[in-house]
**Q** 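The structure's right below; bear with me while I get my questions together.
As the structure lists them, so they are numbered: ligands from 1, and atoms in each ligand from 1.
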Amino acid sequence: MRIGILALQGAFIEHKKMLESLGTECVELRQASDIKDLDGLVLPGGESTVQGKLLHELHMFEKIKELIQNGLPTLATCAGLILLSEEISNDENVYFGTLPVCVKRNAYGRQLGSFRKSALIKELGNFDMTFIRAPYIEDAKYTEILSQVDGKTVAVRYKNQIGLAFHPELGDDTRIHEKFLELI
Ligand code: GLN
């Protein structure tokens with residue numbers, strides 16, 4: 001099993017370490033030629049505007065979008081969730097747009113840069129969630145809601161895509177990555 005991890009910017013190393021600890025081969029996606037023979041894809045947190053710009057500049061955007069549309073299992077966290085979203089309520093950009101949700105960027109405000117919260121995830125139980133200048137999902141549309149924190153949707157699943165507002169790669173709880181591998 002070979003998982004591609006978008007490695008242009010942001011928290012990709014942590015995903016790689018976690019997936020490797022589960023016995024998975026990982027490849028860092030840094031240029032278009034890295035995108036081949038993938039069984040899964042991780043879109044990490046970071047800065048969605050920077051990642052979106054680099055994806056276009058490096059001619060990786062269309063290739064990755066097509067793979068997601070064709071059903072490649074995809075785990076997207078934080079900025080990655082923003083890249084997948086079909087609509088961003090406070091930003092006119094749209095990136096892959098393959099996940100039918102509307103997200104709000106930096107939704108918890110500037111004051112609350114980062115926080116942790118334990119909350120229930122469907123089929124998994126309680127999970128310690130780390131939020132870093134996180135988005136939340138304002139409208140989950142036709143997706144399956146996996147978790148809500150204080151009434152806001154923070155995790156969804158739609159076909160081959162899992163979108164999370166928080167960072168499951170920080171910490172040592174590997175259950176979300178294990179669930180993702182089960183999708184494959
Ligand atoms: N605030 C970032 C953005 O808008 C997301 C933050 C993160 O990925 N931790 O892209």
Side-chain angles (χ1 to χ4, degrees), residues 3-19 26 28-30 40-58 60-61 64-65 68 73-119 121 127-141 143 146-150 152-158 161-177 179-180:
I3 310 291
I5 303 179
L6 188 67
L8 300 179
Q9 186 268 343
F12 55 88
I13 291 288
E14 292 81 359
H15 281 287
K16 191 177 177 204
K17 283 189 184 149
M18 198 166 262
L19 287 166
C26 293
E28 293 182 14
L29 307 178
R30 296 175 179 278
L41 173 70
V42 174
L43 300 176
E47 200 54 48
S48 53
T49 48
V50 177
Q51 294 182 4
K53 189 165 171 279
L54 288 171
L55 279 164
H56 283 291
E57 281 176 13
L58 296 165
M60 298 168 78
F61 186 85
I64 292 181
K65 181 171 177 177
I68 300 170
T74 300
L75 175 66
T77 63
C78 213
L81 164 67
I82 295 169
L83 291 185
L84 285 187
S85 300
E86 153 188 292
E87 196 183 341
I88 305 169
S89 65
N90 53 349
D91 192 325
E92 61 199 16
N93 289 312
V94 175
Y95 303 95
F96 297 123
T98 51
L99 183 66
V101 294
C102 176
V103 292
K104 183 175 183 185
R105 286 186 65 199
N106 302 320
Y108 295 92
R110 279 174 186 272
Q111 310 301 330
L112 204 53
S114 122
F115 61 97
R116 293 189 80 173
K117 191 107 191 184
S118 180
I121 300 183
F127 198 92
D128 274 335
M129 303 176 179
T130 303
F131 294 85
I132 303 171
R133 297 199 309 112
Y136 58 62
I137 296 164
E138 288 188 323
D139 185 354
K141 300 188 183 176
T143 62
L146 300 178
S147 183
Q148 292 189 319
V149 169
D150 300 331
K152 308 293 185 199
T153 300
V154 296
V156 295
R157 178 165 52 198
Y158 176 73
Q161 303 167 65
I162 297 174
L164 310 172
F166 55 95
H167 284 262
E169 77 285 8
L170 305 177
D172 50 19
D173 191 337
T174 57
R175 285 177 296 156
I176 287 184
H177 289 77
K179 268 269 178 247
F180 167 58

**Q** Quick check against the 3.5 Å criterion: does Glu28 have a side-chain atom that pairs as donor or acceptor with the backbone of Ile5?
**A**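 Flag not set: sc Glu28 to bb Ile5 has no pair under 3.5 Å.
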**Q** Below 4.0 Å from any atom of ligand 1, is there a heavy atom belonging to Ala134?
**A**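 Heavy atoms of Ala134 never come under 4.0 Å of ligand 1.
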**Q** Quick one: look up the protein heavy atom nearest atom 1 (N) of ligand 1 and list residue, atom name and how far away it is.
**A** Asn106 OD1, 2.6 Å
**Q** Could you give me the CA-CA distance, side-chain angles and deciding distance for Asn90 and Arg105, then say whether side chain to side chain donor-acceptor pair (under 3.5 Å) is met?
**A** CA-CA 7 Å; Asn90 53 349; Arg105 286 186 65 199; 5.9 Å; no
**Q** Classify the ring geometry between Phe115 and Phe131 as parallel (under 30°), tilted (30 to 60°) or perpendicular (over 60°).
**A**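 Geometry flag for Phe131 against Phe115: parallel rings.
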**Q** Apply the side chain to side chain contact (heavy atoms under 4.5 Å, CB included) test between Lys104 and each candidate in Glu138, Glu87, Lys152; give the one that qualifies.
**A**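 That would be Glu138.
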**Q** Ser48 heavy atoms, cut-off 4.0 Å: which ligand 1 atoms fall inside?
**A**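 The list of qualifying atoms is 3 (C), 4 (O), 10 (O).
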**Q** Between ligand 1 and Pro135, is the shortest N or O to N or O distance under 3.5 Å?
**A** no
**Q** Which of the atoms of ligand 1 are close to Cys78, meaning less than 4.0 Å from one of its heavy atoms?
**A** 5 (C), 6 (C), 7 (C), 8 (O), 9 (N)
**Q** Please say whether His167 places an N or O atom under 3.5 Å from an N or O atom belonging to ligand 1.
**A**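 Right, the criterion is met.
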**Q** May I ask you to test the Leu58-Leu8 pair for a side-chain heavy-atom distance under 4.5 Å?
**A** yes
**Q** Could you say whether the N/O atoms of Ala79 and ligand 1 ever approach to under 3.5 Å?
**A** yes
**Q** Checking the N or O distance criterion of under 3.5 Å, is ligand 1 in contact with Arg133?
**A**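 There is such a contact, yes.
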**Q** Suppose I only count heavy atoms of Ile82 and a 4.0 Å limit; which atoms of ligand 1 are within that range?
**A**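 Listed by number with element, the hits are 3 (C), 4 (O), 10 (O).
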**Q** Mind running side chain to side chain contact (heavy atoms under 4.5 Å, CB included) on Ile82 and Asp91 for me, showing each step along the way?
**A** CA-CA 10 Å; Ile82 295 169; Asp91 192 325; over 6 Å; no
**Q** With a cutoff of 4.0 Å, is Gln51 in contact with ligand 1, counting heavy atoms of the residue only?
**A** no
**Q** Quick one: does Gln51's side chain have a donor or acceptor within less than 3.5 Å of a partner on Gly80's backbone?
**A** no
**Q** For ligand 1, indicate whether the residue Arg105 contacts it via side chain, backbone, both or neither (heavy-atom separation under 4.0 Å).
**A**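 Answer for Arg105: side chain.
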**Q** Could you go step by step and tell me if Leu84 and Tyr158 meet the side chain to side chain contact (heavy atoms under 4.5 Å, CB included) rule?
**A** CA-CA 11 Å; Leu84 285 187; Tyr158 176 73; over 6 Å; no
**Q** In terms of side-chain heavy atoms, does Gln161 have a donor or acceptor partner in Thr98 at a distance below 3.5 Å?
**A**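 Looking only at side-chain atoms, Thr98 and Gln161 do form a donor-acceptor pair, the distance falling under 3.5 Å.
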**Q** Output the list of atoms in ligand 1 that are nearer than 4.0 Å to some heavy atom of Gly46, sorted by atom number.
**A** 2 (C), 5 (C), 6 (C), 7 (C), 8 (O), 10 (O)
**Q** Ignoring angles and geometry beyond distance, decide whether Ile132 reaches within less than 3.5 Å of ligand 1 through its nitrogen or oxygen atoms.
**A**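 The answer is yes, given that Ile132 and ligand 1 share an N or O pair closer than 3.5 Å.
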**Q** Number the atoms of ligand 1 from 1 as they appear, then name those within less than 4.0 Å of a heavy atom of Gly45, with their elements.
**A**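 Checking each atom against Gly45, I get 8 (O).
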